[in-house]
Amino acid sequence: MKLRTGLLLGTAFLAGITAGPTLEALMAPSLGQMISSKAFAKEVAADPDNHSETLRLLTLFGTVLDLVRAEYVEPVSDKDLINNALDGMVGGLDPHSSYMNEKQFKDMQIQISGKFGGLGVQVQQQNGHIRVVSPIDGTPASRAGLKPGDYITEVDGKSLEGMTLDQAVTKMRGDPGTKITLTIIRAKEPKPLKITMTREVVHVQVVRSALYGNIGYIRISEFDDDTETAMHEAFDKLKAKAGGKLQGLVLDLRLNPGGKLDQAISVSDDFIPEGEIVSIRGRHAENNRRWDAKGTDITGKLPIVVLIDGGSASASEIVAGALQDHRRAVLLGEKSFGKGSVQSLIPVPGHGAVRLTTARYYTPSGRSIQALGIAPDIMVKESKEDDGYGYREADLAHIITNTGGNKNKAPVRTDLPSISTSIPNAPPENWPRFELSKPATDFQLQQGLRVVRAMASLPDEALPLGQPAADKPSDKKDQKPAPAPAAPPAPAPKH
């Protein structure tokens, strides 16, 4: 049975509180066709290896179904019982596979339109608890300070204990303009935190950019259908703003939870002139694929630094791994999330869809980063208090194994700039509290600017606190330096 599938690389259940990857139109057999008792029994009977065991287990399923239907304290519809069984069957495989009923699938299709009401946070269920994967830039969740690894235990004082992920997400949805209070448990905080936000229609801006001297900065917050186009446009604008004298680039993939595989490939292809970008291997050999670069480098071989952290996952890890293996960029920051699997979305017409892990992916050097993550070439913590604790793939229950790769570590680099040995791995004591939207507090960005300047053979003279060039006075003799802006300038959002 061959199915056309769309390949996804998100880390989280992208329910109505965040934008999900845009999916391709897909076809699959109807649920009735797939589980029709006569057809299925005939197919099973034709398989001499497993038909007796399968029939025995199907009989067990029917027995338990009848028992619950007859004896449960309240009447339960067959539809609810079957949906619960499907949730458990698919969701128990690994943290990234799930069954969506018709309503859930419809909600996801609404979400991927690019604007929606909610908080702007990606969440995932872990051991029965709701955990934050990543807040999205410029959303209520991001402004309120939600962090990867936070547990959401209550919504407006009501416990989420025992709820499914979809039920919890539904609790967090609401009309734009309405307030919501989340109770958060955060590592190293002595007591739960109460965080109040106002829901709003979230317009996801996946690409932001700024110019620091003649060094360009591009941040990608996720990989949707327009990511590569928006990134390319941002680079062209930076080059024009620098008068054609752009001398380096910082590509920021921190807190980027992933998205579409084709966009990760396209973004990588913009920087890698030749060679493999990524390969995927599934259960069936005919589904194995490899993607190679097409001979383009939009930067003209400018030096690149890529910023990563524990929130960099999946599609962003494909980009980081490809640039690292080809020695096309220096990676700076902290170890990435470690999601090395690919999911396919398979609609079941009239009944919803199945999001199923169908392959592992491998970097150009042949390594799988599943549950391992990508180690940066230069380790730099975001804050002095950062002890490396984080929420990553390896912390999840029943993850898939790391197999099939020819190595687990990136090739040893001998091409790092000499400044790499003098880059501090944490901010000094007096460094301001880190906020991703404020370059003046972003220690990792500051060190990235220093490294890329060194790679471009420029003096080690980073702009004061990462101040964009547009705000730098033109005559130092007559003017005092302007304060750093609250956030880098950004292009208009794309939908």
Ignoring hydrogens, what is the shortest heavy-atom contact between [X] and [Y]? Give both atom names and the distance.
X: Phe337; Y: Glu317; answer: N-OE2, 3.4 Å
X: Leu253; Y: Ala320; answer: CD1-N, 4.3 Å
X: Thr139; Y: Gly120; answer: OG1-O, 3.1 Å
X: Phe443; Y: Pro428; answer: CE1-CD, 3.8 Å
X: Ala353; Y: Tyr99; answer: O-CD1, 3.6 Å
X: Thr358; Y: Ser344; answer: OG1-OG, 2.8 Å

Report the distance from atom [atom1] of [X] to atom [atom2] of [Y], rounding to the nearest 0.5 Å.
X: Asp297; Y: Leu302; atom1: CG; atom2: CG; result: 7.5 Å
X: Leu449; Y: Leu458; atom1: CG; atom2: CG; result: 11.5 Å
X: Asp137; Y: Glu222; atom1: CG; atom2: CD; result: 9.5 Å
X: Ser312; Y: Ile318; atom1: OG; atom2: CD1; result: 13.0 Å
X: Ile308; Y: Leu251; atom1: CD1; atom2: CG; result: 11.0 Å
X: Gln370; Y: Ile399; atom1: CD; atom2: CD1; result: 5.5 Å

### Task
Go through the steps for Phe271 and Leu249 under the test side-chain contact (heavy atoms from CB on, under 4.5 Å), then give the verdict.
CA-CA 11 Å; Phe271 304 117; Leu249 178 68; 3.8 Å; yes
Please examine the side chains of [Y] and [X], heavy atoms only from C-beta on, and report whether any two atoms are closer than 4.5 Å.
X: Asp225; Y: Lys260; answer: yes
X: Leu372; Y: Arg367; answer: no
X: Glu228; Y: Asp262; answer: no
X: Pro376; Y: Leu332; answer: no
X: Lys237; Y: Ser209; answer: no
X: Pro140; Y: Thr198; answer: no
X: Gln104; Y: Val169; answer: no
X: Asp270; Y: Phe235; answer: no

Looking at [Y], is its backbone amide N or carbonyl O close enough to the side chain of [X] to form a donor-acceptor pair, meaning the two atoms are under 3.5 Å apart?
X: Arg360; Y: Val342; result: no
X: Gln446; Y: Pro439; result: yes
X: Arg392; Y: Lys335; result: yes
X: Arg355; Y: His96; result: yes
X: Asn256; Y: Ile220; result: yes
X: Asn402; Y: Ala371; result: no
X: Gln444; Y: Val380; result: yes
X: Glu393; Y: Ile369; result: no
X: Asn425; Y: Met379; result: no
X: Lys339; Y: Ser341; result: yes

### Message
Check this for me, if you would: do Asp395 and Arg131 make a salt bridge, where the nitrogen-to-carboxylate-oxygen distance has to be below 4.0 angstrom?
### Response
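No, Asp395 and Arg131 are not salt-bridged.
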### Message
Could you check whether Arg290 pairs with Glu276 (Lys NZ or Arg NE/NH1/NH2 to Asp/Glu carboxylate O, under 4.0 Å)?
### Response
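The answer is yes: the pair qualifies as a salt bridge.
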Would you tell me whether [X] and [Y] have side-chain atoms, one donor and one acceptor, within less than 3.5 Å of each other?
X: Thr229; Y: Asp226; answer: no
X: Thr227; Y: Asp224; answer: yes
X: Ser420; Y: Arg413; answer: no

### Task
Apply side chain to side chain donor-acceptor pair (under 3.5 Å) to Thr363 and Asp325, showing your working.
CA-CA 7 Å; Thr363 71; Asp325 280 4; 2.7 Å; yes
### Task
With side-chain contact (heavy atoms from CB on, under 4.5 Å) as the test, would you mind laying out the steps for Trp291 and Leu261 before giving the verdict?
CA-CA 11 Å; Trp291 288 266; Leu261 174 61; 3.8 Å; yes
### Task
Verify side-chain contact (heavy atoms from CB on, under 4.5 Å) between Gln124 and Leu396, making sure each step is shown before the conclusion.
CA-CA 10 Å; Gln124 190 169 49; Leu396 301 175; 3.6 Å; yes
### Message
Go through it in stages, so that I can follow the logic: the residues are Lys147 and Val132, the test is side-chain contact (heavy atoms from CB on, under 4.5 Å), and I'd like the CA-CA distance, side-chain angles, deciding distance and then a yes or no.
### Response
CA-CA 7 Å; Lys147 295 183 177 182; Val132 173; over 6 Å; no
### Task
I would like to know whether Arg208 and Asp252 meet salt bridge (Lys or Arg N to Asp or Glu O under 4.0 Å); could you show each step before the answer?
CA-CA 10 Å; Arg208 298 174 183 270; Asp252 190 351; over 6 Å; no
### Contacts of type side-chain hydrogen bond (donor to acceptor under 3.5 Å, both in side chains), residue Gln447, not counting sequence neighbours
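Testing Gln447 for side-chain hydrogen bond (donor to acceptor under 3.5 Å, both in side chains), a comparison that skips the adjacent residues, returns Arg450.
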